[in-house]
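Order of the sequence lines fixes the chain letters, A, B, ..., with proteins taken first and strands second; residue numbering starts at 1 for each chain.
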There are 2 protein chains.
Amino acid sequence: MTYPMARDLPSLNALKAFEVAARLESVSQAADELHVTHGAVSRQIRQLEDELGVALFDKVGRGIQATAAGRQLRDACRDAFSGLREVCADIRQAQQQAPFLLACPGSLLARWFIPRLDRLNAELPELNLHLSASEGELDPRRAGVSATLLFAAPPWPADMQVYPLRQERIGPVFSPRYAGAARLQEQPAKALLNESLLHTQSRAQAWSDWARLQQLDPAQLKQGQGFEHLYYLLEAALSGLGVAIAPQLLVADDLATGRLLAPWGFVETQHQLGLWVPARQPQAAAQQLADWLTTQMQEPSA
Amino acid sequence: MTYPMARDLPSLNALKAFEVAARLESVSQAADELHVTHGAVSRQIRQLEDELGVALFDKVGRGIQATAAGRQLRDACRDAFSGLREVCADIRQAQQQAPFLLACPGSLLARWFIPRLDRLNAELPELNLHLSASEGELDPRRAGVSATLLFAAPPWPADMQVYPLRQERIGPVFSPRYAGAARLQEQPAKALLNESLLHTQSRAQAWSDWARLQQLDPAQLKQGQGFEHLYYLLEAALSGLGVAIAPQLLVADDLATGRLLAPWGFVETQHQLGLWVPARQPQAAAQQLADWLTTQMQEPSA
DNA sequence: CAAACCTGTGAGAAAAAGTGACATATCCCA
DNA sequence: TGGGATATGTCACTTTTTCTCACAGGTTTG
């Protein structure tokens with residue numbers, strides 16, 4: 001067995017055990033502080049003495065006392081470790097206080113998140129949540145973004161940790177103020193083939209998907225007014241401009257208050273709403289948020 | 001799995017791996033410096049990032065770059081480790097330069113050690129050997145004594161590491177100048193029963209031991225002049241004062257040069273010459289010395 | 001003088017770290 | 001543009017280290 005050269009550090013764990021023992025002048029008390037047995041500490045100190053080739057403690061009575069070399073090393077350890085402890089505490093604290101930046105589609109922010117924001121901040125105050133609504137395509141790898149809420153279909157990319165929250169469900173909705181509202185409510189889904197259907201550029205295939213899931217022929221759908229984003233589409237539906245196709249999650253509140261109607265219900269798509277977190281970054285806060293979101297979305301009003 | 005509280009240190013081994021990687025800005029080069037695979041370093045850094053809850057490196061191109069937190073921690077590690085390295089080097093150097101104090105009986109010092117001292121210092125210069133001859137009883141536990149040469153019989157005490165060097169062999173010796181020298185040389189050992197036998201207070205039973213090993217009756221021995229120490233006994237024998245009983249090792253040189261005669265040879269006793277070292281202190285230097293002594297004592301002239 | 005403490009040590013168990021192989025991403029140059 | 005060289009990340013498995021438990025001295029205390 002060979003020992004490290006003079007310019008190398010001895011075992012740092014041994015130094016840690018030694019520092020505590022030297023500070024408390026007791027192997028047993030050091031063992032308590034380190035939550036190990038006294039035998040473990042004794043061994044570490046012995047190993048350190050072997051590496052340095054010098055006795056660090058004398059046995060005095062039934063206790064121990066640092067030798068000259070031991071005192072020298074103890075002081076050096078105290079300085080080194082306290083410096084590290086301080087910086088590590090700083091880093092941890094800064095990290096804990098750093099805001100958790102959650103990116104999500106603007107429509108989700110407005111229609112689902114904002115009404116629940118007070119509760120979230122009250123229940124997860126240490127998260128220090130910041131929200132970033134995006135109009136265009138969401139990039140979950142964008143620098144500074146802690147996590148992103150996305151509707152997407154599996155499989156997930158390998159460099160992302162995705163917490164699935166809820167299967168997307170879509171369905172046609174319209175306002176009671178819509179001209180054809182009273183008539184449509186009484187008819188089967190097929191009646192929509194005669195309506196001008198509001199749609200978005202970003203999810204142009206939404207109506208087709210829905211039609212297929214309803215056993216209707218997508219080709220027979222009449223595309224009406226288009227909007228750039230889902231947010232405007234929903235505003236248009238709320239204003240009674242026509243029938244929109246929308247994720248259930250985003251209209252749940254409006255359905256509950258009667259501002260929108262969805263007589264044919266909703267159907268599940270291939271997409272899932274998920275919380276996307278870059279795999280390489282700490283997951284603790286994201287997990288916490290995902291748990292909270294899951295709970296919230298399981299409630300009937302969601 | 002739980003991580004340490006904020007006031008605790010993260011894994012010091014992880015910090016060590018991190019410091020090297022941060023300094024070299026490369027996981028692979030750090031692995032080389034630490035003589036491990038890059039996977040090991042990668043794992044350590046990952047562990048540290050988990051413990052601190054913060055990313056320490058960004059992937060930049062095909063390399064890595066420390067984040068703000070990483071730079072902060074790198075500097076702290078550099079300071080802490082360089083302080084420890086320095087103090088440890090100091091301690092090791094001081095220890096290496098400290099003299100190795102060897103205690104041994106005066107007779108052994110004068111009759112065996114001193115003639116070989118030049119060679120010892122030449123072959124083991126870094127040992128920085130100091131010798132302490134003792135007239136009285138040798139205490140191998142005396143403070144400041146690195147090791148002690150002792151003739152003694154097993155078993156050895158548990159708190160001593162004993163390196164056995166050579167079985168003790170004793171036998172009668174006398175000078176050619178001794179009055180009865182010519183006559184005695186031709187006769188069997190039994191003839192000594194008629195001689196006045198020189199002896200020491202410190203090993204009063206030496207002649208009796210020898211007689212028993214020779215199948216002679218100890219009671220028939222005539223004790224002559226006594227000396228306090230073996231050293232004087234040997235001087236007396238050299239001067240032709242009579243027949244002495246002596247360890248072979250101490251008279252080997254005198255026999256080789258013809259200044260003493262040992263016509264009946266030597267017999268092994270229960271004692272062994274051993275190098276006694278307090279078990280709790282570093283053994284490297286003592287092992288080196290023991291090896292050298294063993295080699296020297298195996299040579300014919302020993 | 002026994003009881004309470006403390007440290008040291010061994011064998012075996014538990015935990016940590018390392019390895020080797022593979023996957024993936026980037027850079028560079030033909 | 002694509003293939004080779006270079007880097008990092010990850011996983012199952014192995015090796016090494018560390019810890020524990022139990023016991024063996026030795027010292028202090030009531």
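- Here the side chains of B:P278 and B:Q161 are not in contact, with every heavy-atom distance at 4.5 Å or above.
- The shortest distance between side-chain heavy atoms of A:M297 and A:L273 falls below 4.5 Å.
- Rounded to an integer number of Å, the gap from CD of A:Q47 to C1' of D:dT17 is 9 Å.
- Between A:D139 and A:W276, the closest side-chain pair of non-hydrogen atoms is not below 4.5 Å.
- Counting heavy atoms from C-beta outward, A:L15 and A:L73 have side chains that approach closer than 4.5 Å.
- Each ring pair (Phe, Tyr, Trp, His ring centres under 6.0 Å) pair with one or both residues in residues 46-92 of chain B, not counting sequence neighbours, appears once here: B:F18-B:F57.
- Both A:R43 and B:K59 lie close to DNA chain D; mapped to their nearest nucleotides by heavy-atom distance, the more 5′-ward contact belongs to B:K59.
- Listed pair B:R46 / D:dT10 meets the phosphate criterion, a side-chain N or O lying under 4.0 Å from OP1 or OP2.
- Place A:N13 and A:G63 on DNA chain C by their nearest nucleotides, and A:G63 ends up nearer the 5' end.
- B:D58 is linked by a salt bridge (charged side-chain N to carboxylate O under 4.0 Å, His left out) to nothing, counting only residues two or more places apart in sequence or in another chain.
- Side-chain contact between A:L12 and B:L84 is present, with heavy atoms from C-beta onward closer than 4.5 Å.
- For DNA chain C, the outermost nucleotides in 5' to 3' order that have an atom under 4.0 Å from a heavy atom of chain B are C:dG8 to C:dC27.
- If you take CD of A:Q161 and P of D:dT10, they are 11 Å apart, rounded to a whole angstrom.
- Taking a 4.0 Å limit (strictly below) on heavy-atom distances, residues 28-38 of chain B reaches DNA chain D at B:S28, B:H38.
- Counting only distance, with no hydrogens or angles, the side chain of B:S82 and the backbone of B:R78 share a donor-acceptor pair below 3.5 Å.
- Side-chain atoms of B:Q167 come within 3.5 Å of backbone atoms of B:H271 as a donor-acceptor pair (strictly under, hydrogens ignored).
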Give me the distances for all protein-to-nucleotides 28-30 of chain D N/O pairs that come in under 3.5 Å?
none

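- Taking atom CG on A:L12 and atom P on D:dT18, their separation rounds to 11 Å, with Å as the unit.
- A:V145 is not listed as a side-chain neighbour of A:S132, based on a closest heavy-atom distance of 4.5 Å or more.
- The side chain to side chain donor-acceptor pair (under 3.5 Å) contacts involving residues 12-24 of chain A comprise A:E19-A:R23, A:R23-A:E33, where partners must be two or more places apart or lie in separate chains.
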